[in-house]
Amino acid sequence: MESEQLFNRGYGRSSYNSIASASSDEELLDGVLMDFHTAEDDSLLDGDASPGGNYSMSNGGNAASSSTHLLDLLDEPIPGVGTYDDFHTIDWVREKCKDRERHRKINSKKKESAWEFTKSLYDAWSGWLVVTLTGLASGALAGVIDIAADWMNDLKEGVCLSALWFNHEQCCWGSNETTFAERDKCPQWKTWAELILGQAEVRGPTPAPLACTVTVVAGHRSWPAAVCDALYSPLVSPLRPGVLCAPQGPGSYIMNYFMYTYWALAFAFLAVSLVKVFAPYACGSGIPEIKTILSGFIIRGYLGKWTLMIKTITLVLAVASGLSLGKEGPLVHVACCCGNIFSYLFPKYSKNEAKKREVLSAASAAGVSVAFGAPIGGVLFSLEEVSYYFPLKTLWRSFFAALVAAFVLRSINPFGNSRLVLFYVEYHTPWYLFELFPFILLGVFGGLWGAFFIRANIAWCRRRKSTRFGKYPVLEVIAVAAITAIVAFPNPYTRQNTSELIKELFTDCGPLESSQLCQYRSQMNGSRAFSDATEATATPGVYSAMWQLCLALIFKIIMTIFTFGLKVPSGLFIPSMAIGAIAGRIVGIAVEQLAYYHHDWFLFKEWCEVGADCITPGLYAMVGAAACLGGVTRMTVSLVVIVFELTGGLEYIVPLMAAVMTSKWVGDAFGREGIYEAHIRLNGYPFLDAKEEFTHTTLASEVMRPRPGDPPLAVLTQDDLTVEDLQTVINETSYNGFPVIVSKESQRLVGFALRRDITIAIENARRKQEGIVRNSRVYFTQHAPTLPADSPRPLKLRSILDMSPFTVTDHTPMEIVVDIFRKLGLRQCLVTHNGRLLGIITKKDILRHMAQMANLDPESIMFN
């Protein structure tokens, strides 16, 4: 997203209302035990107008009066009070109170008439309806994105003349002129060289400068696979056993190279232009912002209809451009946009920001469900990675939304294989205890890669923000897309779609597999089951493929660092899995050959018979993919379940768990932040990370404001201010909230009032109440003060007052204060000593303090 728009804006705070009005244990538990990871707003007393020196107030927060406050709020509703501006944090407790009052009102009326009873049923079922609609829309959009991305990706190489809307695979499905070995070659599919130059692939005769043995196969001349692969591997896709060697002429190759690069640049330019012009929030993965929004932050438009429309279109274009990115992360953003839009159809969610976030949690589960074909993994992803308030009913609804989304995607069947994802595989060979060692090594590689990627990507993104280069996002995308296309085309493993690459790396070699990775001698002569030991070795084609994979690994590592963070929709799941799958496949083939040539070693002789299929290289690719994704995101349980659902094999959970936990331990040794938390911190989003431990021994008095020597805290008195005095305080300060005290002499605390609510209440009173003038007395008490007969009409603002602000003593350890902020969703708390208020601690103060404790510049990470 255009994060500069965020950085230059102010972040306000909303009020913290009492939970004392809860009427049931469940309601009290809802208010106290919710595990929020609260978003950080600008300090309620922010603006560096500075908090006061030794200005003290007494603690006067009465729990009993909060019920009266709530009744006042219900009896005298003020339009606009209780709503939130852009870039503000919601008041979780006030939203919970509003929902409980709404629920009580509905229950009290449902026995009055059949209509009221019907309304109560509708209210009860609205949660299931909204997640059903979200699941339906998420599954349908994911199917459309998958189909369109596959078609546009193949468009870079050619078109289907019989049906332009078919991709390469679909074009050859109905052809009667293909064989199983040449199932990707059919006359209906034409490359751009064949269409523009009329130059078909050259078959048979050896080019004049080259000399190679020519043999005759089924009436066509072809070269031996090893010779052709050595001579033409830069020019053609990896040769498959049984497929005729078909080198292309230089003109044909150059034309295909040019068209591939042209379409890649066209798709990338169109994607970044649409994002820049119509929906700046559609760029990036979206998961860091989703985490921030679910923690209670308001970003207007980030989940709107324009963002949904542009993100869906540009996601297809970005994936088809060949950039090192994936569509799985942005699908979570797409699903959350659907959930946000549908929530406005139901007042229960449209008028309550806390309830709306329950829908968004379910939507994120649906997004992962359709991204990986893993409904259970999606629910666990929502619980582990993005949600911090996840009650039991949200768990059920998330499961149902993921189920509906997966069902819709399965009905669409975008890949034509009756599976939810392209790279679904099944393995039939068990793993052995010795293999845990290479699995753990892959976990170490994943952790090192994750730590390196996070630091390198954050450093590049920080440089992009701090230099003029970041002011030209279109040129940056075009440059990265051009480099990617030019370097990727010669290597068949970087030229093809990343999901197809992962599929090929995951696939186990069998008699029907034609991948270059499966060019074993036993495969060329028939099934391994009927081959002798001398035929189980790898051919030069396999070693050539391993060199190409090594080059692809280096290419993917470098380009992913520079791609993630571009102003186009870009996910990180698939590139990370591709890097791990490449490394895993290389390790798997190495272990396989080691077991074959040294089967008499004590490591192998007990369980690996001569000539038997002991090692499954595809399994190593799967484990490596999980390890690298875990190293980047630091996910554990949800990641293992997602990969398990991808493979359908229960017996491979232990290798996955070992690799994922190893990658997390190794990555945590270099820093506990995952890539999403790092981008949240880079962008200065208001977010307190629940995974980050606070181990310092500071006290609340060391963090609170005002500090010694600072100006006094700006406060309001409960009954001796006029409207003019109140407006003067608001105009002369930039604070977003003010403590209300009894008097300057007593310093006893009455409550806390928000700047926004005060402004709205005054404007509403002037518009609707006669007699409210500049010298009208303002009072926050239950009853109006005694005034002279000729005094103007007073203004009562008790209904906007938080009568029970949260307080801690000055000797409270900051470890406890930080935990309170995280668990209760607080944005500020007042610090007292012997009943007298000494100051205030806001979330921004906590983030500043945590930065200081980490030897960081506090201002360098705050909304930069």
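What you see below is based on every heavy atom in this structure, not just the backbone, and it leaves out hydrogens, waters and symmetry mates.
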Query - Distance, nearest 0.5 Å, that separates CH2 of W449 from CG of L442 - result: 15.0 Å

**Report entry** Nearest non-hydrogen partners of P569 and K311, listed with the distance
**Finding:** CB-CE, 4.1 Å

Report task. Check the angle between the aromatic planes of H333 and Y302 and answer parallel, tilted or perpendicular using the 30° and 60° thresholds. Result -> parallel

Query - T662 (side chain) donor-acceptor with A658 (main chain) under 3.5 angstrom - result: yes

**Report entry** Sub-4.5 Å side-chain heavy-atom contact between L141 and L308
**Finding:** yes

Query raised in the report: Does the S369 side chain pair with the main chain of A365, one donor and one acceptor, at a distance under 3.5 Å?
Result: no

Query raised in the report: To the nearest 0.5 Å, how far apart are CG in L629 and CD1 in I675?
Result: 11.5 Å

Query raised in the report: Is any side-chain heavy atom of Y281 less than 4.5 Å from a side-chain heavy atom of E289?
Result: no

Query raised in the report: Going from OG on S343 to CG on L360, what distance comes out if it is rounded to the nearest 0.5 angstrom?
Result: 6.5 Å

**Report entry** S295 backbone acceptor or donor facing W92 side chain under 3.5 Å
**Finding:** yes

Requested in this report: Test R681 against I458 for side-chain contact (heavy atoms from CB on, under 4.5 Å), laying out the working first.
Outcome: CA-CA 10 Å; R681 185 182 296 274; I458 293 299; over 6 Å; no

Query raised in the report: Do K556 and T498 pass the side chain to side chain donor-acceptor pair (under 3.5 Å) test, and can you show the C-alpha distance, the side-chain angles, and the key distance before you say yes or no?
Result: CA-CA 10 Å; K556 289 286 186 184; T498 309; 3.2 Å; yes

Query raised in the report: With under 30° as parallel and over 60° as perpendicular, where do the rings of H849 and F694 fit, or are they tilted in between?
Result: tilted

**Report entry** Considering all heavy atoms, the nearest A374-I642 contact
**Finding:** CB-CA, 4.1 Å

Query raised in the report: CD of E702 to CD of Q852: how many Å apart, nearest 0.5 Å?
Result: 11.0 Å

Report summary line: Value for CG (L830) from CE (M704), rounded to nearest 0.5 Å, stands at 11.0 Å

Query - Exam field: side chain K327 to backbone G571, donor-acceptor pair closer than 3.5 Å - result: no

Query raised in the report: Do E476 and V568 touch side chain to side chain, with heavy atoms closer than 4.5 Å?
Result: no

Query raised in the report: Quick check, are the ring centers of Y685 and H679 under 6.0 angstrom apart?
Result: no

Query raised in the report: Parallel, tilted or perpendicular: which describes the rings of F564 and F453, with under 30° parallel and over 60° perpendicular?
Result: tilted

**Report entry** Criterion side chain to side chain donor-acceptor pair (under 3.5 Å) on T563 and S324, from CA distance to verdict
**Finding:** CA-CA 6 Å; T563 302; S324 182; 5.1 Å; no

Query raised in the report: Less than 4.5 Å apart, any side-chain heavy atom of L317 and any of V272?
Result: no

Requested in this report: Looking only at non-hydrogen atoms, find the nearest pair between I561 and W460 and report the distance.
Outcome: O-CD1, 4.3 Å

Query raised in the report: Can you tell if the side chain of L395 reaches within under 4.5 Å of the side chain of S398, non-hydrogen atoms only?
Result: no

Query raised in the report: Are any side-chain N or O atoms of R755 and backbone N or O atoms of T733, one a donor and one an acceptor, separated by less than 3.5 Å?
Result: yes

Query raised in the report: So, D845 and R705, do they make that salt bridge, N to O below 4.0 Å?
Result: yes

Query raised in the report: Got more than 12 heavy atoms from elsewhere within 6.0 Å of CZ, R300?
Result: yes

**Report entry** Test item: E353 side-chain N/O and I90 main-chain N/O as donor-acceptor pair under 3.5 Å
**Finding:** no

Query - Backbone of G674 reached by a side-chain donor or acceptor of E677 within 3.5 Å - result: yes

**Report entry** F452 atom CZ, neighbour heavy-atom count above 12 within 6.0 Å
**Finding:** no

Query raised in the report: Given side chains that start at C-beta, do those of I579 and I557 come closer than 4.5 Å, heavy atoms only?
Result: yes

Report summary line: Rounded to the nearest 0.5 angstrom, the CD1-CD distance for I287 and E328 is 10.0 Å

Requested in this report: Might you point out which heavy atoms bring V275 and A282 nearest each other, and give the distance in Å?
Outcome: CG2-CB, 4.3 Å

Query raised in the report: Taking the side chain as C-beta and beyond, is there a heavy-atom pair between I290 and Y676 under 4.5 Å?
Result: no

Query raised in the report: When you check the side-chain N and O atoms of T809 and T812, is any donor under 3.5 Å from an acceptor?
Result: yes

Query raised in the report: If you draw a 6.0 Å radius around CE in M657, do more than 12 non-hydrogen atoms from other residues or ligands fall strictly inside?
Result: no

Query raised in the report: Would you find a donor on one side and an acceptor on the other, under 3.5 Å apart, between the side chain of S382 and the backbone of G378?
Result: no

Report task. Just grab all the side-chain hydrogen bond (donor to acceptor under 3.5 Å, both in side chains) pairs involving residues 569-578, residues at least two apart or on different chains. Result -> none

Query raised in the report: Does K291 use its side chain to pair, donor to acceptor, with the backbone of E385 at less than 3.5 Å?
Result: yes

Report summary line: In short, G326 meets P575 closest at the heavy-atom pair N-CD, 3.7 Å

Requested in this report: Go through the steps to decide whether F372 and F381 satisfy the test ring pair (Phe, Tyr, Trp, His ring centres under 6.0 Å), and finish with yes or no.
Outcome: CA-CA 11 Å; F372 291 100; F381 173 84; 8.5 Å; no

Report task. Could you walk me through whether L656 and V623 pass the side-chain contact (heavy atoms from CB on, under 4.5 Å) test, one step at a time? Result -> CA-CA 6 Å; L656 289 173; V623 173; 4.3 Å; yes

Query raised in the report: Hey, is the main chain of L303 close enough, under 3.5 Å, to the side chain of T307 for a donor-acceptor pair?
Result: no

Report task. Taking the side chain as every heavy atom from C-beta outward, state whether S638 and L383 have any pair of such atoms under 4.5 Å apart. Result -> no

Report task. Could you please spell out the steps behind the side-chain contact (heavy atoms from CB on, under 4.5 Å) verdict for F87 and I299? Result -> CA-CA 5 Å; F87 307 114; I299 306 179; 4.2 Å; yes

Requested in this report: Could you walk me through whether V474 and K567 pass side-chain contact (heavy atoms from CB on, under 4.5 Å), step by step?
Outcome: CA-CA 8 Å; V474 177; K567 299 303 181 182; over 6 Å; no

Query raised in the report: What are the two closest heavy atoms between V808 and F806, and how far apart are they?
Result: CG1-CE2, 3.9 Å

